[in-house]
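As structure tokens, the structure follows; a few thoughts come after it.
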Amino acid sequence: MATLLKGKPLADKIKVAITQEVTELVARYGRAPKLVAIQALENAASSVYIKNQKKVAESLGIEYELMEFPAGISQSELEKVIKRLNSDKSVTAMILQLPLPGQIDAGRALSVISPDKDAEGMHPQNVGKILLGKYSIGPCTAMAVMELLASTGVDLYGKEAVIVGHSEIAGKPLGLMLLNKFATTTVCHIATDKRGALADHVRRAEVLIVAVGKASLIKGDWVRDQAIVIDVGINKVGERIVGDVEFEGASAKASQITPVPGGVGPLTTTMLMRNTVEQFKAQLAGIE
């Protein structure tokens with residue numbers, strides 16, 4: 001039976017380090033990092049995430065402000081808000097809460113955020129730094145997965161790593177991050193599945209990361225013996241929350257596996273806060 005890779009103990013450990021770092025920065029510079037969240041469309045899941053962000057930020061000594069706008073806000077109005085925050089020296093970083101109203105081009109809005117104030121690591125310039133292997137921040141979900149992998153102590157050098165899902169927040173940046181660790185990396189997606197090749201790729205994986213959002217997409221008997229399995233998926237099936245991997249079958253074969261819930265999720269907000277602190281440090285270094 002696989003060992004559970006739980007996110008909360010790791011998140012708690014990282015939070016202790018962040019709190020200490022923030023305390024030292026406040027003592028030295030007389031101010032704390034400040035994260036601003038922008039919300040333009042009320043959504044139950046987004047509201048839960050915002051509440052958690054505020055709670056975690058304040059527990060770490062990070063200032064947190066929520067700016068709420070009507071769902072009818074225009075692209076130009078939203079971009080004016082972002083540009084104003086870009087020039088506000090009291091603001092360390094900002095996050096655009098998704099979903100956004102239909103009239104808003106989220107990608108365009110994200111690109112207006114200064115890369116120096118990008119709390120999610122999603123600005124094209126920051127994604128480019130991942131490509132070059134010279135990054136201190138990154139998309140929170142991808143960074144959470146890499147922290148979990150690091151906590152296993154397994155050397156990724158040359159390992160067969162398979163990612164299922166190629167989203168901008170997980171699959172694509174993870175592909176680059178794993179390549180930076182010299183893992184032999186394969187990224188699978190809907191076309192892989194339609195071709196009927198998904199199971200074959202999964203069976204080769206010594207490290208398997210699944211981030212699709214489809215319950216039980218990955219069958220337990222596909223998992224390679226002693227594989228490390230990171231299940232990013234969160235799906236509601238009846239009254240249960242399950243991942244993208246058949247947990248029972250996979251845990252019988254894997255060496256380590258994340259539970260759902262309780263695996264990647266608890267780490268994502270922590271990564272958002274660490275990104276904010278990293279941006280703060282970079283900004284302070286620029287004025288010294």
Side-chain angles (χ1 to χ4, degrees), residues 5 7 45 95-96 98-100 105-111 115 118 120-135 137-150 156 158-219 222-224 227-235 242-246 250 254 257-258 260 263-265 267-268 271-272 275:
L5 276 173
I95 175 174
L96 275 178
L98 300 178
L100 289 165
D105 181 333
R108 181 175 144 191
L110 280 168
S111 69
D118 170 25
E120 293 186 284
M122 292 295 292
H123 187 282
Q125 185 170 313
N126 289 325
V127 174
K129 289 180 179 179
I130 298 173
L131 176 65
L132 298 173
K134 298 178 179 179
Y135 64 97
I137 69 166
C140 301
T141 301
M143 296 288 275
V145 170
M146 294 305 292
E147 284 293 335
L148 281 164
L149 287 175
L156 294 171
K159 286 281 192 299
E160 288 282 350
V162 174
I163 303 164
V164 183
H166 74 318
S167 70
E168 282 74 18
I169 65 169
K172 287 177 182 176
L174 277 168
L176 295 172
M177 291 173 180
L178 287 166
L179 286 171
N180 288 333
K181 296 290 185 181
F182 287 92
T184 304
T185 306
T186 301
V187 180
C188 301
H189 38 68
I190 190 168
T192 316
D193 190 28
K194 285 187 174 180
R195 194 182 180 197
L198 183 58
D200 290 339
H201 285 291
V202 170
R203 288 189 176 103
R204 291 205 304 269
E206 294 172 279
V207 175
L208 175 64
I209 303 163
V210 189
V212 176
K214 185 174 180 181
S216 301
L217 172 68
I218 306 301
K219 308 309 175 190
W222 293 359
V223 173
R224 179 171 172 165
I228 296 171
V229 179
I230 310 288
D231 190 347
V232 182
I234 299 177
N235 311 287
V242 301
D244 293 345
V245 180
E246 285 185 346
I257 188 170
T258 54
V260 177
V264 178
L267 273 167
T268 54
M271 294 299 100
L272 177 68
N275 281 349

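Residue V187 comes nearest to G165 through the heavy atom pair CG1-O, 4.0 Å, listed as atom of the first residue, atom of the second, then distance. Shown here for A254 and A227, the closest heavy-atom pair between the two residues is CB-O, 3.2 Å. Nearest heavy-atom pair, L100 versus A106, reported as atom, atom and distance to 0.1 Å: CD1-CB, 3.8 Å. Listed here is the closest heavy atom pair of V127 and M122: CG2-O, 3.9 Å. Counting all heavy atoms, side chain and backbone alike, I163 lies closest to G175 at CD1-N, 3.4 Å. Closest heavy-atom contact between P139 and G121: CD-O, 3.5 Å.
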Pair H189, T192 - check side-chain contact (heavy atoms from CB on, under 4.5 Å), show working.
CA-CA 5 Å; H189 38 68; T192 316; 3.6 Å; yes
TODO: Show the numbers, then the answer: is there a side-chain contact (heavy atoms from CB on, under 4.5 Å) between M271 and I137?
DONE: CA-CA 9 Å; M271 294 299 100; I137 69 166; over 6 Å; no
- Query: Can you check side-chain contact (heavy atoms from CB on, under 4.5 Å) on L178 and I209, steps first, answer last?
  - Reply: CA-CA 11 Å; L178 287 166; I209 303 163; 3.8 Å; yes
Output, in order, the C-alpha distance, side-chain angles, deciding distance and verdict of side-chain contact (heavy atoms from CB on, under 4.5 Å) for N275 and E120. CA-CA 7 Å; N275 281 349; E120 293 186 284; 5.6 Å; no
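Summarising the geometry, atom CD1 belonging to I130 is positioned 12.0 Å from atom CD belonging to Q125; distances are rounded to the nearest 0.5 Å. Note that the CG atom of D118 and the CG atom of L110 stand 7.5 Å from one another [nearest 0.5 Å]. Note that CD1 of I218 is 8.0 Å distant from SG of C188, once rounded to the nearest 0.5 Å. For the atom pair CD1 (I169) and CG (L174), the distance works out to 10.0 Å, reported to the nearest 0.5 Å. Distance CG/L267 to CE/M143: 11.0 Å, rounded to 0.5 Å. The distance from atom CG of D244 to atom NZ of K214, rounded to the nearest 0.5 Å, is 10.0 Å.
Applying the side-chain contact (heavy atoms from CB on, under 4.5 Å) test between V210 and each of V232, V245, V202, V162 identifies V245 as the sole match.
Contact annotation: the side chain of E246 never approaches that of W222 to less than 4.5 Å [non-hydrogen atoms, C-beta and beyond]. Residues L149 and V145 have side chains in contact (heavy-atom distance under 4.5 Å, counting atoms from C-beta outward).
Of the possible polar contacts, one joining the T258 side chain to the D231 backbone as a donor-acceptor pair under 3.5 Å is found. Using modelled atom types, no side-chain atom of D193 and backbone atom of L198 make a donor-acceptor pair closer than 3.5 Å. Counting only distance, with no hydrogens or angles, the side chain of K219 and the backbone of S216 share a donor-acceptor pair below 3.5 Å. Although no hydrogens or angles enter the test, the distance criterion places a donor-acceptor pair under 3.5 Å between the side chain of N180 and the main chain of L176. H123 places a side-chain N or O within donor-acceptor distance of the main-chain N or O of S111, the cut-off being under 3.5 Å. Although no hydrogens or angles enter the test, the distance criterion places a donor-acceptor pair under 3.5 Å between the side chain of R224 and the main chain of R204. Counting only distance, with no hydrogens or angles, the side chain of N235 and the backbone of G243 share a donor-acceptor pair below 3.5 Å.
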